[in-house]
Amino acid sequence: MRTLIKHLLASTEPREAVTAKGWVRTRRDSKGFSFLEINDGSCLANLQVVVDAGTPGADQLAHLNTGASVAVEGPLVASPAAGQKWELRARRVELVGATDSSYPLQKKGHTAEFLRTIAHLRPRSNLYGAVFRVRSRLAYAVHQFFQERDFVYVHTPIITASDCEGAGEMFRVTTLKGNIDEKPEADFFGKRTYLTVSGQLEGETFACALSNIYTFGPTFRAENSNTARHAAEFWMIEPEMAFCDLQGDMDLGEEFIKAMARHALEHCAEDLALFGKFVDKALHERLRFVVERPFVRVPYTEAIEILRQSGRKFEYPVDYGLNLQSEHERFLTEEHFKAPVTVYNYPREIKPFYMRLNDDGKTVTAMDVLVPGIGEVIGGAQREERLEQLLDNMKFHKLAPEDYWWYVDLRRYGTVPHAGFGLGFERLLMFLTGVSNIRDVIPFARTPGNAEF
RNA sequence: UCCAGAGUAGCUCAAUGGUAGAGCAGCCGGCUGUUAACCGGCGGGUUACAGGUUCGAGCCCUGUCUCUGGAGCCA
């Protein structure tokens, strides 16, 4: 019966006979015996195995190179040397699967660029093993957060005919051959369909029935974006709350990010320590800061004033009615406030039709949460719940109401104030791990020109 | 897509326009407790690709491809 290495290393007393299985990280030979470092991915640390010459299976030692898979059994004993608490004294060793000299992973450091070219092997490295354990744990934490607050998990469609008002370029889904725009009504679904860029509109329909809902699933953007923060396929979390306004929306977003940071600190300590040491020395300080301090909230108009009076030369102009550029967002969160910042009440012109128009007639109830190092991590809004105003917004943004008939219906039948936001799971992971490239927090990154694995 | 930089051994990197090298990895050997073990030895190259300049190009020029950083779009 195999025991995971994380459980072996957490032992409180020696054990008479255990079996460990995993992959060899390194082997150190001495005359008469060898040390094997074995990792099975259950935790960051390796299990040290001592194999004496003459141990059954020790004749295979020469093949137990870095990368080989192995099964060992024997007693778990306190290690007499510094460096590890426990070690396994092998009574039997079995080479499960050998490697050869072409195995690309070494025990020395590799660059992230090289490891991306071997995405099928990189989870066997310390850093990527840690990243993907944290990813799994945080996915669990996302569900826990919402389920504990009585949010209902809704599976919004992956294939969709609505485009969520230009949230981005879309991937076409079709079974047609040749010119796919010639007769879209002959296509599989009888109309043009795409991979979803957001589940928000569908999510709103469920919030207007089940009160508080969230989605958590893959979304797709066909943008030709070549940055460390964009992927063509990424996972998005989109809560939506009925009978909720912008204040409640900002409260939830802030609470959510704090909860994720707290969860990572409490449940991923060993992996976070690795990130703190090799990836981002300021990680722990930043996470504790996020957990302990309230976020700064500032209206868009005020943010513009702060930027104007900063005396800072920006590459892009700062003016009311213009979008905040990356450099502006970074200044606000990293330099001016030195804290996560929620900017709200943006000009109507630069935000989508579904956001609620404020009484000033000029701004809408949008909010963006900006965090140091990443920039925008949350984008949300209170939605326009008034039928006439929604139709007016659509006219303002030159959209046809009949294309959104089911969305408009929500305002026709028992409309309620409601609000929600979207949060990119990978960007959250970047923030929580300090890893600076989105390609390194998703198992197999989809970026322009890259779908090898 | 735009701007900048970079492509040399499996990996990380050297090499004034003049015989392509080191460390690590691999293989062989040594070492009685190692910790990215250590010590000795061996093999390993179409210098991203295609042209051009030159007596001579890894190095200079042109084009292409890929990657990285930044920007735009956004999450």
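So that the names make sense, note that chain A is the first sequence line, chain B the second, and so on, each numbered from 1.
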Can you figure out which of B/A25, B/U12, B/U34 approaches the side chain of A/Lys107 most closely?
B/A25

Between atom CD in A/Gln106 and atom C1' in B/G44, what is the gap in whole Å?
14 Å

A/Phe206, CZ: over 12 other non-hydrogen atoms inside 6.0 angstrom
no

A/Glu327 atom CD is separated from B/A71 atom P, nearest whole Å, by 8 Å

Check this for me: does the side-chain of A/Ser30 come within 3.5 Å of the base of B/C31 through a donor and an acceptor?
no

Given B/U68, is OP1 or OP2 found less than 4.0 Å from the side-chain N or O atoms of A/Arg116?
yes

What distance, rounded to whole Å, do you find between the two P atoms, one in B/A4 and one in B/G63?
12 Å

Testing the 3.5 Å rule here: is there a donor-acceptor pair between the side chains of A/Asn358 and A/Arg348?
no

Regarding A/Ile438, tell me which of base, sugar-phosphate or nothing describes its non-hydrogen contacts under 4.0 Å with the strands shown.
base

Taking only side-chain N and O atoms of A/Arg25, does any of them lie within less than 4.0 angstrom of OP1 or OP2 on B/A25?
no

Should the side chain of A/Glu87 and the base of B/G33 be counted as holding a donor-acceptor pair, with the cut-off at 3.5 Å?
yes

Evaluate the ring-ring contact (aromatic ring centres under 6.0 Å, His included) criterion for residues A/Phe425 and A/Phe216: first the C-alpha distance (whole Å), next the side-chain angles of each, then the deciding distance (0.1 Å), finally the verdict.
CA-CA 9 Å; A/Phe425 187 50; A/Phe216 183 15; 5.0 Å; yes

Under 4.0 Å between any heavy atoms, over every strand shown, what does A/Ala231 touch: base, sugar-phosphate, or nothing? Just pick one.
base

A/Lys313/A/Glu327 ion pair, N-O < 4.0 Å
no

When we call it a touch if two heavy atoms are under 4.0 Å apart, what does A/Ser225 touch: a base, just sugar-phosphate, or nothing?
base

In whole Å, what is the span from the CG atom of A/Asn226 to the P atom of B/C65?
13 Å

Salt-bridge present (A/Glu37, A/Lys107; N to O < 4.0 Å):
no

Ion pair check, A/Lys351 and A/Asp368, cut-off under 4.0 Å:
yes

Which nucleotide in the list B/U35, B/A71, B/C11 gets nearest to the side chain of A/Thr227?
B/A71

Quick check: on RNA chain B, is the nucleotide nearest A/Arg330 upstream (toward 5') of the one nearest A/Met236, or the reverse? Name the residue that is more 5'.
A/Arg330

To the nearest Å, give me how far apart CG (A/Leu115) and C1' (B/U12) are.
12 Å

Tabulate protein N/O versus nucleotide N/O from nucleotides 6-8 of chain B, keeping only pairs under 3.5 Å, one per line.
none

Does the pair A/Arg192/A/Asp181 count as a salt bridge with the N-to-O cut at 4.0 Å?
yes

When you compare B/A25 with B/U19, how far apart are their P atoms, in angstrom units rounded to a whole number?
30 Å

Is A/Arg137 paired with A/Asp271 through a side-chain N to carboxylate O contact shorter than 4.0 Å?
no

For nucleotides B/U66 and B/C24, find the distance between their C1' atoms and express it as a whole number of Å.
25 Å

Can you tell me how far C1' in B/C3 sits from the matching atom in B/C60, rounded to whole Å?
24 Å

Show the distances under 3.5 angstrom between N or O atoms of the protein and N or O atoms of nucleotides 27-30 of chain B.
| residue | atom | partner | partner atom | Å |
| --- | --- | --- | --- | --- |
| B/C27 | OP1 | A/Asn65 | ND2 | 3.1 |

Would you say A/Asn437 places a side-chain N or O within less than 4.0 Å of OP1 or OP2 belonging to B/G69?
yes

Please determine which of A/Asn46, A/Thr26, A/Asn126 meets the side chain to side chain donor-acceptor pair (under 3.5 Å) test together with A/Asn39.
A/Asn46

Send over the distance from A/Phe33 CZ to B/G33 P, rounded to a whole Å.
5 Å

Canonical and wobble pairing (Watson-Crick, G-U, under 3.5 Å) of RNA chain B, dot-bracket with |
(((((((..((((....[..)))).(((((.......))))).....(((((..]....))))))))))))....

Check this for me: does the side-chain of A/His230 come within 3.5 Å of the base of B/C74 through a donor and an acceptor?
yes

Between B/U32 and B/A36 - C1' atom distance, rounded Å:
22 Å

Salt-bridged, A/Glu94 to A/Lys21, with N to O below 4.0 Å?
no

Pair A/Arg133 + A/Glu270, salt bridge at N-O below 4.0 Å:
no

Counting heavy atoms from C-beta on, name the nucleotide in B/A37, B/U34, B/G72 closest to the side chain of A/Tyr316.
B/G72

Between A/Phe295 and A/Phe337, is the gap from one ring center to the other below 6.0 Å?
no

Going by an N to O cut-off under 4.0 Å, is there a salt bridge joining A/Arg149 and A/Glu255?
yes

Roughly how many Å is it from CZ in A/Arg28 to P in B/U34, rounded to a whole number?
10 Å

Rounding to an integer number of Å, can you tell me how far A/Glu169 CD sits from B/U1 P?
13 Å

Between B/U16 and B/C59, how far apart are the P atoms? Round to whole Å, please.
13 Å

In whole angstrom, give me the gap between the C1' atoms of B/G58 and B/A48.
12 Å

With hydrogens left out and only the distance checked, is there a donor-acceptor pair under 3.5 Å joining A/Gln84's side chain and the base of B/U34?
yes

Where the side chain of A/Pro80 is concerned, which of B/G33, B/U1, B/C74 is the nearest nucleotide?
B/G33

For A/Phe35, report the nucleic acid contact type (base, sugar-phosphate, nothing); a contact means any heavy atom under 4.0 Å.
base

Is A/Ser326 near enough to B/G72 that one of its side-chain N or O atoms lies under 4.0 angstrom from OP1 or OP2?
yes

Does A/Glu254 pair with A/Arg297 as a salt bridge, N-O distance under 4.0 Å?
yes

B/A37 phosphate, OP1 or OP2: any side-chain N/O from A/Thr26 under 4.0 angstrom?
yes

When only distance counts, do a donor and an acceptor, one from the side chain of A/Arg439 and one from the base of B/G69, lie under 3.5 Å apart?
no

RNA chain B: 5'-proximal contact among A/Gly83 and A/Thr111 (nearest heavy atom)
A/Thr111

How close or far is atom C1' of B/C74 from atom CG of A/Asn323, stated in whole angstroms?
10 Å

Report yes if a side-chain nitrogen or oxygen of A/Gln325 is closer than 4.0 Å to either non-bridging phosphate oxygen (OP1 or OP2) of B/C73; otherwise report no.
yes

Using ring-ring contact (aromatic ring centres under 6.0 Å, His included), reason through A/Phe151 and A/Phe145 one step at a time and then give a plain yes or no.
CA-CA 9 Å; A/Phe151 280 61; A/Phe145 177 89; 7.4 Å; no

Using a strict cut-off of less than 4.0 Å between a Lys/Arg side-chain nitrogen and an Asp/Glu carboxylate oxygen, indicate whether A/Asp440 and A/Arg122 qualify as a salt bridge.
yes

Base, sugar-phosphate, or nothing: which does A/Ser79 touch, judged by heavy atoms less than 4.0 Å apart?
base

Which value, in whole Å, describes the distance between the P atoms of nucleotides B/C65 and B/A50?
15 Å

